[in-house]
Amino acid sequence: MNRAAAAIFLALLCSGCPKRIDFGPRGQITQPDELFRLTSAAQAQVVSLQGDGKLRVDSPQGAGTVSTFLAVSRPGLLRVEMFDFFNRPIAVLVTDGKRFGLFQAQENKFYQGPATPRNLSRFLPVALPSEELVAVMLGQVPFLPAERMTLAVDEKARLYVLTLHRGEVAQVLGIDPKSLRVVRSEVRGMRTYGLEYENFKEHGGALLPHEMTLRAPSADTSLGLRYTEITVNESPDLTLFDLSAPEDVPVVEVDEGGQALPPVELPPARPDA
C-alpha cells in the first residue's frame with residue numbers, strides 16, 4: 001500500500017471512531033441526584049429575557065411562521081406580541097401568572113380572565129400553565145417530581161441520559177455533559193409534550209438556547225421558537241405586563257374554562273336629590 005492510500009485508509013478508519021465525550025472540568029458525573037442538582041442550578045441562571053424572535057406553528061388548523069416580540073420573567077410574567085408579514089399586529093398576550101389579557105386584532109376584541117391553561121390556549125395551540133410556559137421560553141425544562149432517578153451515558157449522542165421515574169411515568173432527559181443543560185426532554189407513560197433545545201449562547205455567564213421546539217403528539221402540534229435579538233437577565237419593564245384593555249376595544253370576560261361571562265349590568269344612576 002502506497003503512502004497516499006495508507007493516509008486515506010487511516011482517515012476512513014478514524015472517521016468511524018466515536019469522539020471522546022467532553023465531560024467538562026468536573027469530569028464524568030456518576031450519581032443521578034448530583035447531575036439533577038447541577039442541571040437544575042444551571043438552567044435556573046436565566047430569570048428573564050426580552051426581544052424579538054420567530055414563532056413557527058404546525059398544527060391541524062394550519063402552519064406558518066410569524067414575527068414576535070417577547071418579554072418573559074419568572075415566575076409567571078409573560079408578554080408575547082405577534083405580527084404578520086407586513087409587521088401588522090395579529091395578537092397580544094399578557095399574563096401575570098394569575099390573570100391574562102388577550103387582544104385579537106382580527107376580532108377586535110380583548111379577552112380577559114383567569115390565566116388557566118385553557119384560556120392561554122386561545123393564543124397558542126397548546127394548554128400550559130403560565131409558569132410552565134414562562135419556564136419553557138426561558139430555556140428551562142419543567143421536571144417530573146421523581147420518586148427515583150437513573151443515569152446512563154449515550155455514547156453515540158454524547159449525552160447524559162437522566163431518567164426521572166414516578167410510578168408508571170418516566171421523563172427522559174438528554175443533558176449536555178459539559179454545560180449540564182437539558183437539550184431534549186421526553187415524557188413516557190402520560191399524554192404531554194416533549195422539548196428540544198439547541199443553539200445555546202452565553203449571556204453574562206448564563207447559557208440560553210436560542211432555538212426551541214415543543215411537540216405535543218396527542219394534539220399533532222409543534223411549536224418552534226427562535227430568538228433573533230434579545231437581552232437576558234435585565235430588570236423587566238413592568239409596564240409591559242399591564243393587563244389593561246386597549247382603548248375602544250370591546251372586552252370579553254371569560255371564566256376558567258374559557259366561556260364568556262355575561263356582561264355586568266351597572267345599576268341605573270340615581271337622580272340628583
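All values derive from a computational prediction rather than experimental measurement. Heavy atoms only: backbone and side chains are in, while hydrogens, waters and symmetry mates are out.
Note that the CG atom of Leu35 and the CG atom of Leu162 stand 5.0 Å from one another [nearest 0.5 Å]. Remark: Asp58 CG to Thr65 OG1 distance equals 9.5 Å, nearest 0.5 Å. Atom-to-atom distance recorded for Asp237:CG and Ser48:OG is 11.5 Å, nearest 0.5 angstrom. Atom CD of Glu147 is separated from atom CG of Leu164 by 11.0 Å, given to the nearest 0.5 angstrom. Distance check, rounded to the nearest 0.5 Å: OH of Tyr227 to CG of Leu55 gives 10.0 Å. The line from CG of Leu223 to CE of Met212 is 11.5 Å long, rounded to the nearest 0.5 Å.
Nearest heavy atoms, Ser40 versus Phe143: OG-CE1, 3.5 Å. Here the closest non-hydrogen pair linking Tyr160 and Ile29 is OH-N, 2.7 Å. Here the shortest heavy-atom pairing between Val47 and Asn233 reads N-OD1, 2.8 Å. Contact detail for Leu102 and Ala91: the closest heavy-atom pair is CD1-CB, 4.4 Å. Summarising the geometry of Phe110 relative to Gly101, their closest heavy-atom pair is CZ-CA, 3.5 Å, with the distance given to 0.1 Å. The nearest pair of heavy atoms linking Tyr197 to Leu195 is OH-CD1, 3.7 Å.
With contacts defined as side-chain heavy-atom distances shorter than 4.5 Å, the pair Arg158/Lys178 does not qualify. The closest side-chain heavy-atom distance from Gln28 to Ile21 is not below 4.5 Å. Asp22 is not listed as a side-chain neighbour of Pro177, based on a closest heavy-atom distance of 4.5 Å or more. For the pair Leu208 and Ile230, the minimum side-chain heavy-atom distance is below 4.5 Å. Side-chain contact between Arg181 and Phe200 is present, with at least one heavy-atom pair separated by less than 4.5 Å. Looking at Pro236 and Leu238, their side chains come closer than 4.5 Å, going by heavy atoms from C-beta outward. Using a 4.5 Å cut-off on side-chain heavy atoms (C-beta onward), Leu225 and Leu70 make contact.
Annotation: Phe100 is not in aromatic contact with Phe123 [ring centroid separation under 6.0 Å not met].
In this structure a side-chain-to-backbone donor-acceptor pair under 3.5 Å is missing from Asn199 to Arg226. Without hydrogens or angle criteria, Thr213 side chain to Gly224 main chain gives no donor-acceptor distance under 3.5 Å. Checked by atom type and distance alone, the side chain of Glu196 never pairs as donor or acceptor with a backbone atom of Arg215 at under 3.5 Å. Between the side chain of Ser121 and the backbone N or O of Arg118, at least one donor-acceptor pair lies under 3.5 Å. Proximity of a side-chain donor or acceptor of Arg166 to a complementary backbone N or O of Pro145 within less than 3.5 Å is detected. Ser59 contributes no side-chain N or O that, together with a main-chain N or O of Thr221, makes up a donor-acceptor pair within less than 3.5 Å. Between the side chain of Asn119 and the backbone N or O of Pro114, at least one donor-acceptor pair lies under 3.5 Å.
Residues Met149 and Leu151 fall within the same hydrophobic cluster, defined by Ile, Leu, Val, Met, Phe, Trp and Tyr side chains chained together at heavy-atom separations under 4.5 Å. Under the 4.5 Å side-chain heavy-atom criterion for ILVMFWY residues, no single connected hydrophobic cluster contains both Val187 and Val172. Both Val66 and Leu78 are members of a single hydrophobic cluster when ILVMFWY side chains are connected at heavy-atom separations under 4.5 Å. Hydrophobic clustering, with ILVMFWY side chains joined whenever heavy atoms are under 4.5 angstrom apart, keeps Phe241 apart from Met82. Placement of Leu93 and Leu243 in two distinct hydrophobic clusters is found when ILVMFWY residues are connected by side-chain heavy-atom separations under 4.5 Å, directly or transitively.
Other residues, nucleotides and ligands place more than 12 heavy atoms under 6.0 Å from the CD atom of Glu202. Residue Glu256 places its CD atom among 12 or fewer non-hydrogen atoms of other residues, nucleotides or ligands, all under 6.0 Å distant.
Note on Arg99 versus Glu253: salt bridge recorded, some NZ/NE/NH1/NH2 to OD/OE distance being below 4.0 Å. Between Glu186 and Arg184, no side-chain nitrogen of the basic residue sits less than 4.0 Å from a carboxylate oxygen of the acidic one, so the salt-bridge criterion is not met.
With 3.5 Å as the limit, one finds no donor-acceptor pair spanning the side chains of Thr68 and Lys54.
A cation-pi arrangement, defined by a distance under 6.0 Å to the six-membered ring centre and an angle within 45 degrees of its axis, is present between Arg122 and Tyr111.
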Give every donor-acceptor pair under 3.5 Å between a side-chain atom in residues 125-141 and any protein atom, sequence neighbours left out.
unit_1: Ser130; atom_1: OG; unit_2: Gly97; atom_2: O; d: 3.4
unit_1: Glu132; atom_1: OE2; unit_2: Tyr193; atom_2: OH; d: 2.5
unit_1: Gln140; atom_1: NE2; unit_2: Gln43; atom_2: O; d: 2.9
unit_1: Gln140; atom_1: NE2; unit_2: Val46; atom_2: O; d: 2.7

Task: Verdict with supporting geometry, Glu234 and His203, side chain to side chain contact (heavy atoms under 4.5 Å, CB included) - done: CA-CA 11 Å; Glu234 294 187 356; His203 296 266; over 6 Å; no

